Amino acid sequence: TSLRRPLPQISAKNLACELTLTLPGDGVKVSGSFTADQPSIDADRGRGPDGRIVDGPMSAWLASQGAGTFLVESGRIEVQATLADLAGGRVEAVYVGVKHGSGNEMPREHHVSISAKELSLKEVLRHFELPGRQEITPSALLSGDATVRWEGDDSDQMKGSSEVIFDRA
């Protein structure tokens, strides 16, 4: 048996984790908490055809600290996390993945909720290729909430909603 990194898009300089493993009558339940030094999220880092991790041209989102909790049980995964100093602000996120039934015939349902507070608009825009981006210097703070859902492995089909607020820096 080997341990394989399930989410190559997520990384950290140091990750500390405490977990509890219980064996209820219907399977295995794993719960715990984690802290991360210098966590990062790189949306275009993934596995190549040969299984090795490859990185695309997009820049990673960097934070100074991260902390959260997780729960994995029969048919359900839930992760709650807070990232400090991500684009100069604070981000709280919740991921819930639910698989109904057994086997591979039923796709997993995914739900992500994100709440951001006082992110630097200049730092946020650094992650997007927009026409004329180099010609402007934004000075606003960005706050807001977003929720998305999708089924199976095709996250390109996600649907959701968001609310964004701009404040003076």
Side-chain angles (χ1 to χ4, degrees), residues 5-19 31-48 52-72 76-98 107-169:
R5 185 175 177 169
L7 296 170
Q9 299 85 357
I10 298 173
S11 188
K13 182 177 180 181
N14 184 38
L15 179 68
C17 181
E18 292 185 18
L19 64 91
S31 61
S33 62
F34 61 89
T35 58
D37 293 328
Q38 300 177 14
S40 67
I41 303 168
D42 192 345
D44 66 346
R45 186 186 313 139
R47 293 204 184 281
R52 288 198 264 160
I53 294 177
V54 295
D55 196 6
M58 294 171 54
S59 58
W61 292 82
L62 307 174
S64 63
Q65 295 288 316
T69 61
F70 57 90
L71 171 66
V72 180
R76 182 180 174 85
I77 299 170
E78 182 172 338
V79 180
Q80 297 183 19
T82 300
L83 298 171
D85 199 26
L86 182 89
R90 178 181 175 92
V91 174
E92 295 177 357
V94 176
Y95 166 80
V96 177
V98 178
R108 184 176 298 278
E109 296 174 10
H110 307 272
H111 180 264
V112 176
S113 297
I114 298 172
S115 181
K117 304 271 191 276
E118 299 183 343
L119 276 61
S120 161
L121 182 58
K122 180 179 180 180
E123 180 65 20
V124 169
L125 290 177
R126 182 176 75 84
H127 297 278
F128 301 96
E129 288 296 326
L130 301 172
R133 181 182 69 171
Q134 294 78 12
E135 299 167 15
I136 61 169
T137 305
S139 61
L141 296 176
L142 174 71
S143 297
D145 299 301
T147 302
V148 293
R149 296 177 178 271
W150 73 96
E151 285 190 12
D153 295 332
D154 195 3
S155 61
D156 288 341
Q157 299 299 314
M158 68 176 64
K159 295 180 181 177
S161 63
S162 64
E163 177 184 337
V164 178
I165 300 167
F166 296 95
D167 292 316
R168 288 186 176 178

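For clarity, every value in this text was computed on a predicted model and none was experimentally measured.
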As an exercise, state the distance from [atom1] of [X] to [atom2] of [Y], rounded to the nearest 0.5 Å.
| X | Y | atom1 | atom2 | answer |
| --- | --- | --- | --- | --- |
| T147 | M158 | OG1 | CE | 12.0 Å |
| L19 | T69 | CG | OG1 | 13.0 Å |
| S40 | Q9 | OG | CD | 10.5 Å |
| Q80 | S33 | CD | OG | 12.0 Å |
| L15 | Q38 | CG | CD | 13.0 Å |
| I165 | L142 | CD1 | CG | 9.0 Å |

Test your reading of the model: is there a side-chain donor-acceptor pair from [X] to the backbone of [Y], 3.5 Å cut-off?
| X | Y | answer |
| --- | --- | --- |
| H127 | M58 | no |
| S115 | D145 | no |
| S143 | E118 | yes |

With V96 as partner, the option from R76, E109, R149, H110 fulfilling side chain to side chain contact (heavy atoms under 4.5 Å, CB included) is R76

Is there side-chain contact between [X] and [Y], with heavy atoms separated by less than 4.5 Å?
| X | Y | value |
| --- | --- | --- |
| S11 | R45 | yes |
| Y95 | I114 | no |
| L121 | F166 | yes |
| I41 | L83 | yes |
| L119 | L141 | no |

Begin with the C-alpha distance, continue with both residues' side-chain angles, and end with the deciding distance and a verdict on side chain to side chain contact (heavy atoms under 4.5 Å, CB included) for D55 and D44. CA-CA 6 Å; D55 196 6; D44 66 346; 3.3 Å; yes

I need the minimum non-hydrogen distance between [X] and [Y], along with the two atoms involved.
| X | Y | value |
| --- | --- | --- |
| A84 | A63 | O-CB, 3.4 Å |
| V79 | F70 | CG2-CB, 4.2 Å |
| R47 | V54 | C-CG2, 4.4 Å |
| G66 | P39 | N-CG, 3.9 Å |

message: Counting neighbours of CZ on R90 that are heavy atoms of other residues, nucleotides or ligands and sit closer than 6.0 Å, is the number greater than 12?
response: no

Pairing donors with acceptors under 3.5 angstrom, does anything connect the side chains of D37 and Q65? yes

CA sep, side-chain torsions, deciding dist, call: S113, E92, side chain to side chain contact (heavy atoms under 4.5 Å, CB included): CA-CA 8 Å; S113 297; E92 295 177 357; over 6 Å; no

Before you tell me yes or no, could you show the steps for K122 and S139 under side chain to side chain contact (heavy atoms under 4.5 Å, CB included), namely the whole-Å CA-CA distance, both residues' side-chain angles and the distance that decides it to 0.1 Å?
CA-CA 7 Å; K122 180 179 180 180; S139 61; over 6 Å; no

Step-by-step side chain to side chain contact (heavy atoms under 4.5 Å, CB included) determination, V112 to W150
CA-CA 9 Å; V112 176; W150 73 96; 3.8 Å; yes

